[in-house]
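Have a look at the structure below before the remarks.
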Amino acid sequence: MKKPALLTPVPAAAPAGPRSAPAATRPAAEGGALAARLLGRLQRQAVPAVLVLLVLVSSVLFPSFGTLDNARSITVQTSFLAIVALGMTLVILTGGIDLSVGSVFALGGVLAAWASQWGIVPALLLPLAVCGTIGAINGLLVARAGMAPFIVTLATLLAARGLLLAVTHEGATTYLVPRGSAFAELGQGTVRGFGYPVLIALALFGLGGVLLQRTPFGQSVFAIGGSSDAATLMGLPVARTRVLVYLLSSLLAGLAGALSAARLSSGVTIVGVGMELDAIAAVVIGGTLLTGGAGTVGGTLWGVLLLAVIQNLINQIGSLNSSYQSVVSGGFLIVVVLAQRYLFRARPTP
Amino acid sequence: MTQPALAGRPAALRLPDAAWLQKYGVYLAVAVLLLFNALFTEHFLTADNLRTQLVQVAPVVIVALGMALVIGTEGVDLSVGSTMALASALLPLYLGYGLVPALLIALLAGIAVGLVNGTLVSVVGLQPIVATLALFVGGRGLALVVADGQLKQIVNPDLLALGSGSLLGVPWTVLIAGALALLVAGLVHRTTFGRRLVAVGGNRTAAGLAGLPVRRILCGVYVICGVFAALAGVLATARLTASDPSALGTLMELSAITAVVVGGTPLTGGSVRVLGTVTGALLMQLLRATLVKHDLPDSTAQIAQAAIILAAVYAARERRSR
Amino acid sequence: KEETPSAGSGDGQAAQAATSAAASAPAAGAGCTLQSTGTPKIDLKDAIVGFSQSEKEANPFRIAETQSIKDEAAKLGVKKLLTTNAQSQLSKQISDIQDMLNQGAQLLVVAPLNSDGLQPALAAAAAKHVPVITIDRKVNATACKDYLTFIGSNFVEQGKRAADALIQATGGTGKVAILLGSSGNNVTTDRTNGFVEQLKAKAPGMEIVAQQTGEFARDKGQQVMEQLIQSKPEITAVYAENDEMGLGAVTALKSAGRKPGKDVKIVSIDGTRNAVQALAAGDYNGVIESNPRFGPLAFETLQKFLAGESIADSVIITDRAYEPGNAAASVAGAY
Amino acid sequence: MAPPAQAAAPPEDGAAAPPALEAVGVAKRFPGVVALDDVSLTLRPGEIHALVGENGAGKSTLIKVLTGVHRPDAGELRIAGRPVTLHRPFDAQQAGVSTIYQEVNLVPLMSVARNVFLGREPRTRFGLIDFARMHAESAELLAGLGVTVDPRRPLHTLGIGAQQMVALARAVSVDARVVVMDEPTSALEPREVETLFRVVGDLHAQGIAILYVSHRMDELYRLCDRATVLRDGRLVHTGELAGLDRLDLVSMMLGRDVAEVRRHGVTGFGDGHRADREPVLTARGLTRRHQLHGVGLELRPGEVLGLGGLLGSGRSETAKALAGALPLDSGAVEVAGRPLARRSPAAAIRAGISLLPEDRKAEGIVPELSVRENIVLAAMPRLSRFGLVSRRRQDRLVEVFMKRLRIKASSPEQKVGELSGGNQQKVLLARWLCLEPRVLLLDEPTRGIDVGAKAEVQALIDELAREGLAVLLISSDIEELVEGADRITVLHAGAVAGELTGEHVTESDLLALLADRADNADRADSADRAEPAGPVAADGPAAEPAPEEKR
Ligand SMILES: Nc1ncnc2c1ncn2[C@@H]1O[C@H](COP(=O)(O)OP(=O)(O)OP(=O)(O)O)[C@@H](O)[C@H]1O
Ligand SMILES: Nc1ncnc2c1ncn2[C@@H]1O[C@H](COP(=O)(O)OP(=O)(O)OP(=O)(O)O)[C@@H](O)[C@H]1O
Ligand SMILES: [Mg+2]
Ligand SMILES: [Mg+2]
């Protein structure tokens, strides 16, 4: 167990590394060592475990569930939410929240579609520049002016939506991405059937994991979320880290929006509504504390997948009335978190 | 208190400075907005118009009051909008037995939702946002199942009277909201439950060690929030003269949380500002009214709304004394 | 009893007397055949049909729409009908369609949430040679190539007809408030454009004094109307882009002591039973139907297509118009 | 041990060198309180300077001004002779000032190693954090301080004492020319205190200036060269400590004349109590995995039972178990012969057991609430009728306790989070005393309390015991433990290691028992905390510093 498990270490949950405490060594001694170790590992990784269980069960129940095609469509659909949730993870880890991501996502898409007439570079740069500005505003207002993140990002949620409406003449204009352009390819191309957005999302999560776990910036993020007073007293760059975190969140949301526009071939104005809640839910289900200070980007990835699989399952069940669909997905959510809580070793509440 | 030897030096005189602004910023913002409208909006300072604003804000105020209590315990309740819908959906089913039984059933639904939320938060120990997310998603579905997806016209005269009637010119909904605000203020400041709730929000570990019944308090708070949301659902239904489970209370959770936070209650728990919450709701209401009355297109309206919220909260922000 | 579309709503529409499955295949275009899409020839009775609904069945329009598809499928004895609901999320609609394809859907009926953005889903269907019929809303793509055909109403036209109805009710003068649908939505845009254009062309004496969104919901419509009554008491006419908002406006006007239908004329689009009832009761001045009963027409089109016939790129469904004169008699026929 | 701060600035020669750190005419005011008023302080290179004063005198505030946490309202700061403006603690650290703040200011959810290295993590070639090195170095650093914990453990799983040692490790492992320590020993055991002294000695030898705050007079006289005395935010005295009589120092701190101070003894405790009655509290076989192994004890009305042990020996856990605040695997607690059925703090409180917890920040105060509300928190039901709080009854109670414990606050409405550390402690004490319990469990009751108030608190404990209360006393101040307790139960590694009664309740007996135990433990297994070879336990204040393995 030498590998420092990049994406899943330490929060309050369970240290992924070896523990010299007798707790970890005892079950191994009692025979069935390997099985016990595996079980122990799985128990500490509640979300992936629930996910694996869910996937196994539903593959048996629904023949069309466990297919490669299904995997491809689930992954590409989730990749956009995943990218947004990655940024959200960083923000939540500092104990903040970013409600603006849904609007910023939509704005990014519209801007990208508009700029795509001049090629792929403007199509990526414009949304990043505008969304980055929004993120910087969020960050500065939170970190420098000391305003509550909830309110600041709620305001920018409105502002980004307003900007989007202004750009699209109150939603009357939909900008289209030129067919066959390099930008469209970015959203629609595949490698072995898996869309580029999936690969981009995975790469970003990899980077995010390294950023969070292996760089001083990441340590500051955890420290601020754990105790921002202590972080200040320890001389960490608290304000700078906060600004950066909101900046990254908006950039990622904008990028996800751009990719989604590339995939949809158009800058759709109605996307992203309520996306912030999905992202927050994925992050929190992924084991990140909403109060900050503990969590992993890997957990978020699992959380996003879990939400997607639940939705897919509801479709597999087939002809559920839409009202029952909500009831079922609400019920599912409870079952999953309860399973997480009771079947698997719960995190010690800090 | 007499302890001259210990009490430091005489306090510096408090001027209406930054700290003052922080404390009373919301009220100031409301005043400014009222002034603006009085000057620049036609037909604004009429009794009818003011009544309209109050009537529209009443359900938000009621939900926000419950939400403020939840936020005081460092929680949040996303399910309020769905609870409103559920209460609204149940009403027509039982109005045949009269207003009171139907009302009781609706409130019972609120209690049930609160109990589920409260149990998930306090006993199971889930993070409030996840715990209440389940009913946020499922609750509205349940409401639609109950109502068979249909909007139903309300014909019960008692319920309609609740929505449109008034006492001495003050609509019932406004009176109810006002009474609840007083009640919650009393609850927070004058009862053991209120004080303990704030302590639980301020330091849960310490509260537990001090022997407070933390679980019961948490559960109680979510139940109150659920009941308030259900009541708001009933009042909104009465005013709409229809039970509309698909649209009633959508985004209410955001409006309520916004009112609470703009009103100066921190999301980190440990304090509840009741008057601030009411004022926060009023501020948002006036803001929306102003934008509609000046017929701004949606794009401009949203940007303006964002700017004004930021300005108001910026003025009232907490300045750390260093 | 049945309405023929009023004068302005000509293009390609032929009024038919049949209840809901009124259809017309315009002569335009070469049409689309099995060969051009590469769809294998199958019998509808052995087929798995997928239906993707865009919004929750929580308003009369969507309820009637879904029900009509389900009923017709049952009537024709379709082997299996998969239904999904995107709950107003575009991304969910895309994955819904892909899920159904993965579950083996051979024919698809889609009620798009938005005219743009379904590209990936359509591409996936095309790759599997699964024909897609979009109902209610047209997608911005190439018929026959990206999808088979579109069956539905013309929203711009609906807006124009609403304008006509309002002009008739007001006599061509007055101040109008528009209750817009959700911002950024194609339906909102089209119904607004049609209305505004027609008003400009036909009734220069009418002035639009307010355009505010009521988000297609009754309570929002009511709230906005309450504000407008206070700030712009001079308003004499309201155009609501769906019935729900119109009915909200009725409530608002009533509680402000005004007489909807008389002091303030109201016209809206959709043709739900509640609105037609209000019309019959005199609270309303006109309702333009947006016909949700796509089932018969959709399956009829599919059957023709599978039988080898050529299908036109769009099939326009007939929308009725309810007027004070015919309302009372039509209530039962409204959805 | 890892040599702390090898590369510190070379000692500047002699008296010619400018002061390492200097504050001139500093003032700081908080709403309602003048915390500092025209205070000047000069810290010479290489000296150990004591900062003393009673609770709320302004010591911590001065330190926070010196380290950039607070911006002074007036006055000037100089570091190495140059005037500086500190905007953030970061600036002070850049300028070579390293600080251990009064309340442990680390991040509870992060691992021990990360806490030690936050902000200056060792990197690999690729610029990424080198965890292997970080863990190794922090383990080594901590082992050098006598703490052997897995550096991957989340900090909050450590006791407050161990956390304090982590903070120490962090502070001394940076290159600093000034180290500021605000009550570093208040949570430490004699053994750790010795370690700390050794570290201070090392720093001193390297020419690093140290500003040292403590309420323990012995320490000051043992360590410090000079002292600055604050009272009510004003400077009362600065000078050599050697020539200053202890009584004079205390009288300056308290602002009372020497004669009055002299009347108080070393501690406020009187002599033994009568404890012939039936035990009011009996605990048997308290067991919890990895923490407690069959601890049993008896408490009689009217006696003070001391609980002795080394850091991490399970004393706090025992106290918490008695108070129903720690889930147990097995074991029973009886109050006056009746078993406590439900284990919860509420049930224990109803049975008359009160616990003053050890970690006042995490487990004690509700910082946003007022002094009044913090005091009455646990007693609320008694002070209210029909669920309505009675403000009048509260005020009466609060007034009594604020006077009796000399709680210094601008008013009972001041937020507890704004009080000085010692005053927070007094508020907590008041919270438990106003419950009028039958059994009082005190975990570090005088932690951070000034000399004057400490004697009063001790006298209070004494008085309560005389009135028939059963008191369990946990204290890292060994003198206090021995003076105060009638009987001492000694714990080691979560089990009872022995008991001292009668004339054996002495410092030397206690230390002997502890040392004996620590030795045994070393020879035995204990994977978790095998001590480094060699006798580590200090044998009392006069003993030699523990040998260092790595030098
Ligand atoms: N943030 C703050 N807001 C308001 N008042 C404060 C604040 N911090 C400190 N004070 C007040 O300043 C005074 C000095 O407090 P300080 O913490 O410096 O005392 P201290 O000498 O460190 O005491 P102790 O020995 O108890 O730690 C106290 O009266 C305290 O209430
Ligand atoms: N010096 C140490 N070496 C190893 N582990 C330690 C050490 N000090 C503390 N710990 C760990 O921290 C945990 C809690 O420590 P804590 O100091 O609270 O224990 P305690 O028994 O309450 O100590 P105290 O007797 O000081 O109150 C212990 O279970 C132990 O595992
Ligand atoms: Mg202090
Ligand atoms: Mg302890």
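The analysis underlying the following values was restricted to heavy atoms, covering all of them including side chains, and did not include hydrogens, waters or symmetry mates. Throughout, a chain's letter reflects where its sequence line sits, starting with A, and its residues are numbered from 1.
- With rounding to the nearest 0.5 Å, the separation of CG in C/L113 from CD1 in A/I270 is 3.5 Å.
- For the atom pair OG of A/S260 and CG of C/L90, the computed distance is 7.5 Å after rounding to the nearest 0.5 Å.
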Test side chain to side chain contact (heavy atoms under 4.5 Å, CB included) applied to C/N102 and A/S73, step by step:
CA-CA 9 Å; C/N102 290 340; A/S73 73; 3.3 Å; yes
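- Options C/D96, C/D190, C/T66 differ in how many heavy-atom pairs under 4.5 Å they form with chain A, and the most are formed by C/D96.
- Of all the heavy atoms in A/S266 and C/D116, the pair that sits closest is OG-CB, 3.3 Å.
- Of the atoms belonging to A/T168, not a single heavy atom falls under 4.5 Å from chain C.
- Heavy-atom distances place the backbone of A/E170, and not its side chain, under 4.5 Å from chain C.
- Between C/K128 and A/D69, at least one side-chain N (NZ, or NE/NH1/NH2) sits under 4.0 Å from a carboxylate O, which counts as a salt bridge.
- Nearest heavy atoms, A/L165 versus C/G184: CD2-N, 3.9 Å.
- Of all non-hydrogen atoms in A/L264 and C/Q119, the two that sit nearest each other are O-CB, 3.5 Å.
- Among the candidates A/L176, A/V268, A/L164, A/V271, the residue making the largest number of heavy-atom pairs closer than 4.5 Å to chain C is A/V268.
- Summarising the geometry, atom CG belonging to A/D278 is positioned 8.0 Å from atom OG belonging to C/S91; distances are rounded to the nearest 0.5 Å.
- Looking at A/L81, there are no atoms closer than 4.5 Å to chain C (heavy atoms on both sides), in backbone or side chain.
- Separating the OG1 atom in C/T84 from the CD1 atom in A/I314 is a distance of 12.0 Å, to the nearest 0.5 Å.
- Of the listed residues (C/D99, C/T213, C/N140), the greatest number of heavy-atom pairs within a distance under 4.5 Å of chain A belongs to C/D99.
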